[in-house]
Novice: 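What follows is a single structure, and I will ask about it in a moment.
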Amino acid sequence: YEYISTAKFKNYSEEEAYKKATDQAKEFAQEICSKIGKGYVKSAAWASHKILKRVYDKIIVDMKDLKKIKELQETSKNPILLMPTRKSYTDMLLIGYIFF
């Protein structure tokens with residue numbers, strides 16, 4: 001709500017401002033969203049699998065928490081955004097690998 005309290009939304013009611021901010025966020029998400037073909041995704045998954053098998057002895061995934069995320073995604077009207085938190089690209093690659 002901090003964002004919708006800025007001067008940009010001062011002429012709107014709280015509900016209108018929230019709707020306008022949500023619409024704007026959806027536009028931004030569509031703008032940065034990529035459109036990738038299935039063949040490319042499968043090739044990237046195969047390459048990721050081969051590379052990760054060589055780099056790591058094992059990857060441990062907490063399936064219980066992944067199941068919770070899946071249930072939340074199925075029951076929520078809003079999208080779920082997973083953000084890598086470290087300064088390496090490994091987190092980003094692992095998120096894609098695990099969820100593929």
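Because the structure is predicted, anything quoted here is derived from the model rather than measured.
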Novice: In the hydrophobic clustering that connects Ile, Leu, Val, Met, Phe, Trp and Tyr at side-chain heavy-atom distances below 4.5 Å, which members other than Met92 occupy its cluster, ordered by chain and number?
Specialist: Tyr89

Novice: Kindly list each side-chain donor-acceptor pair under 3.5 angstrom involving residues 39-48, sequence neighbours excluded, with atom names and distances?
Specialist:
from: Ser43; atom 1: OG; to: Gly39; atom 2: O; distance (Å): 3.0
from: Ser48; atom 1: OG; to: Ala44; atom 2: O; distance (Å): 2.9

Novice: Please list, chain by chain and in numerical order, all residues satisfying salt bridge (Lys or Arg N to Asp or Glu O under 4.0 Å) with Lys19, sequence neighbours excluded.
Specialist: Asp23

Novice: Please set out all donor-acceptor pairs under 3.5 angstrom arising from side-chain atoms of residues 49-58, sequence neighbours excluded.
Specialist:
from: His49; atom 1: ND1; to: Tyr97; atom 2: OH; distance (Å): 2.6

Novice: Show me the donor-acceptor pairs, under 3.5 Å and distance only, between side chains in residues 60-68 and residues at least two apart or in other chains.
Specialist:
from: Asp62; atom 1: OD1; to: Lys64; atom 2: N; distance (Å): 3.2
from: Asp62; atom 1: OD1; to: Asp65; atom 2: N; distance (Å): 3.4

Novice: Quick one: side chains of residues 69-76, donor-acceptor pairs under 3.5 Å with protein atoms, not counting sequence neighbours, listed by atom name and distance.
Specialist:
from: Thr75; atom 1: OG1; to: Glu71; atom 2: O; distance (Å): 3.1
from: Thr75; atom 1: OG1; to: Leu72; atom 2: O; distance (Å): 3.3
from: Ser76; atom 1: OG; to: Asn78; atom 2: N; distance (Å): 3.0
from: Ser76; atom 1: OG; to: Asn78; atom 2: O; distance (Å): 3.1

Novice: Rounded to the nearest 0.5 Å, what separates atom OG1 in Thr90 from atom CD1 in Ile59?
Specialist: 9.5 Å

